[in-house]
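For reference, the structure is listed below as structure tokens.
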Amino acid sequence: MLKGLGGLGDMAKMMKTAQDMQGKMAQLKEDLKAMEVTGESGAGLVKATASAKGELRGLDIDPSIFNSDDKEVVEDLILAAIKEAQTKAQEKAQEEMQKLTSEMGLPADMKLPF
């Protein structure tokens, strides 16, 4: 007895799954551009906002830290806030990717291109 398309049916299913995955990954890339994370330093005196793709969107600096004698401290605080925002962006992107792979029934540790 023949069972429908046999192996061809499985191939068609795999192709459909791959297309679904490709569409979901494209949507996730767009979503990551819209998601925002914030890094802080100096107990919130400096805040850096970035997209979940790691693109810096803004800086918020409390005016109380501006003192010509503290120029290096201010620069360090700005860099620290930016680095934290970038780290949070990477973590958010990884978290969203894990959600996607889980929804697709793929292994959680599978590395996909981003």
Side-chain angles (χ1 to χ4, degrees):
M1 275 191 176
L2 294 174
K3 290 185 176 181
L5 297 175
L8 293 178
D10 291 342
M11 180 64 102
K13 184 178 177 183
M14 279 183 14
M15 292 298 289
K16 174 71 172 133
T17 300
Q19 286 176 334
D20 289 347
M21 178 81 167
Q22 187 176 21
K24 287 183 179 185
M25 285 185 61
Q27 183 60 50
L28 179 57
K29 282 184 179 183
E30 289 303 311
D31 292 347
L32 290 175
K33 288 179 185 177
M35 291 179 191
E36 288 191 345
V37 295
T38 301
E40 297 183 8
S41 66
L45 292 174
V46 177
K47 297 175 186 173
T49 303
S51 73
K53 292 281 289 179
E55 299 163 351
L56 187 62
R57 295 242 171 103
L59 283 172
D60 181 26
I61 303 171
D62 187 302
S64 68
I65 67 171
F66 290 109
N67 179 339
S68 60
D69 296 335
D70 297 331
K71 179 182 179 295
E72 288 180 17
V73 172
V74 172
E75 291 170 346
D76 289 344
L77 289 173
I78 291 169
L79 286 175
I82 291 171
K83 286 178 183 177
E84 182 178 319
Q86 289 172 331
T87 298
K88 285 184 175 183
Q90 289 174 341
E91 290 169 353
K92 183 67 170 175
Q94 190 172 21
E95 175 185 315
E96 293 299 319
M97 181 57 70
Q98 286 177 344
K99 284 181 192 176
L100 176 63
T101 56
S102 176
E103 288 172 9
M104 297 295 294
L106 299 171
D109 59 350
M110 183 173 180
K111 302 288 185 213
L112 296 173
F114 259 137

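Side-chain atoms are counted along with the backbone in the values below, which use heavy atoms only and exclude waters and symmetry mates.
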Which heavy atom of [X] sits nearest to which heavy atom of [Y], and what is that distance?
| X | Y | value |
| --- | --- | --- |
| Leu28 | Leu100 | CD2-CD2, 4.0 Å |
| Ser41 | Ala80 | CB-CB, 3.7 Å |
| Val37 | Ser51 | CG2-O, 4.3 Å |

List the steps, then state whether side-chain contact (heavy atoms from CB on, under 4.5 Å) holds for Lys29 with Leu32. CA-CA 5 Å; Lys29 282 184 179 183; Leu32 290 175; 5.7 Å; no

Give a yes or no answer on whether the side chain of Ser102 reaches the backbone of Gln98 with a donor-acceptor pair at less than 3.5 Å.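 No; judged by distance alone, with no hydrogens or angles, the pair does not exist.
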
Less than 4.5 Å apart, side chain to side chain, heavy atoms only: is that true for [X] and [Y]?
| X | Y | result |
| --- | --- | --- |
| Met25 | Met21 | yes |
| Asp31 | Glu96 | no |
| Ile82 | Leu56 | yes |

Rounded to the nearest 0.5 Å, what separation is found between the NZ atom of Lys47 and the CD1 atom of Ile61?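 One finds 12.0 Å between NZ of Lys47 and CD1 of Ile61.
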
Contacts of [X] that satisfy salt bridge (charged side-chain N to carboxylate O under 4.0 Å, His left out) - sequence neighbours left out:
| X | answer |
| --- | --- |
| Glu36 | Arg57 |
| Asp76 | none |
| Lys24 | none |

In terms of hydrophobic clustering (I, L, V, M, F, W, Y; side-chain heavy atoms under 4.5 Å; direct or indirect links), are Leu77 and Leu79 co-clustered?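 No: no chain of side-chain contacts under 4.5 Å links Leu77 to Leu79.
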
Sequence-distant partners of Asp60, side-chain hydrogen bond (donor to acceptor under 3.5 Å, both in side chains), two or more places apart: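 For Asp60, no residue satisfies side-chain hydrogen bond (donor to acceptor under 3.5 Å, both in side chains) once neighbours in sequence are set aside.
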
Got more than 12 heavy atoms from elsewhere within 6.0 Å of CD, Gln22?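 No, because the 6.0 Å sphere around CD of Gln22 holds 12 heavy atoms or fewer from other groups.
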
Any side-chain hydrogen bond (donor to acceptor under 3.5 Å, both in side chains) involving residues 78-88? Give me the pairs, sequence neighbours left out, ordered by first then second residue.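 Residue pairs with at least one partner in residues 78-88: Glu84-Lys88.
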
Could you name each residue pair satisfying salt bridge (Lys or Arg N to Asp or Glu O under 4.0 Å) that touches residues 61-75, not counting sequence neighbours?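 Qualifying pairs: Lys71-Glu75.
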
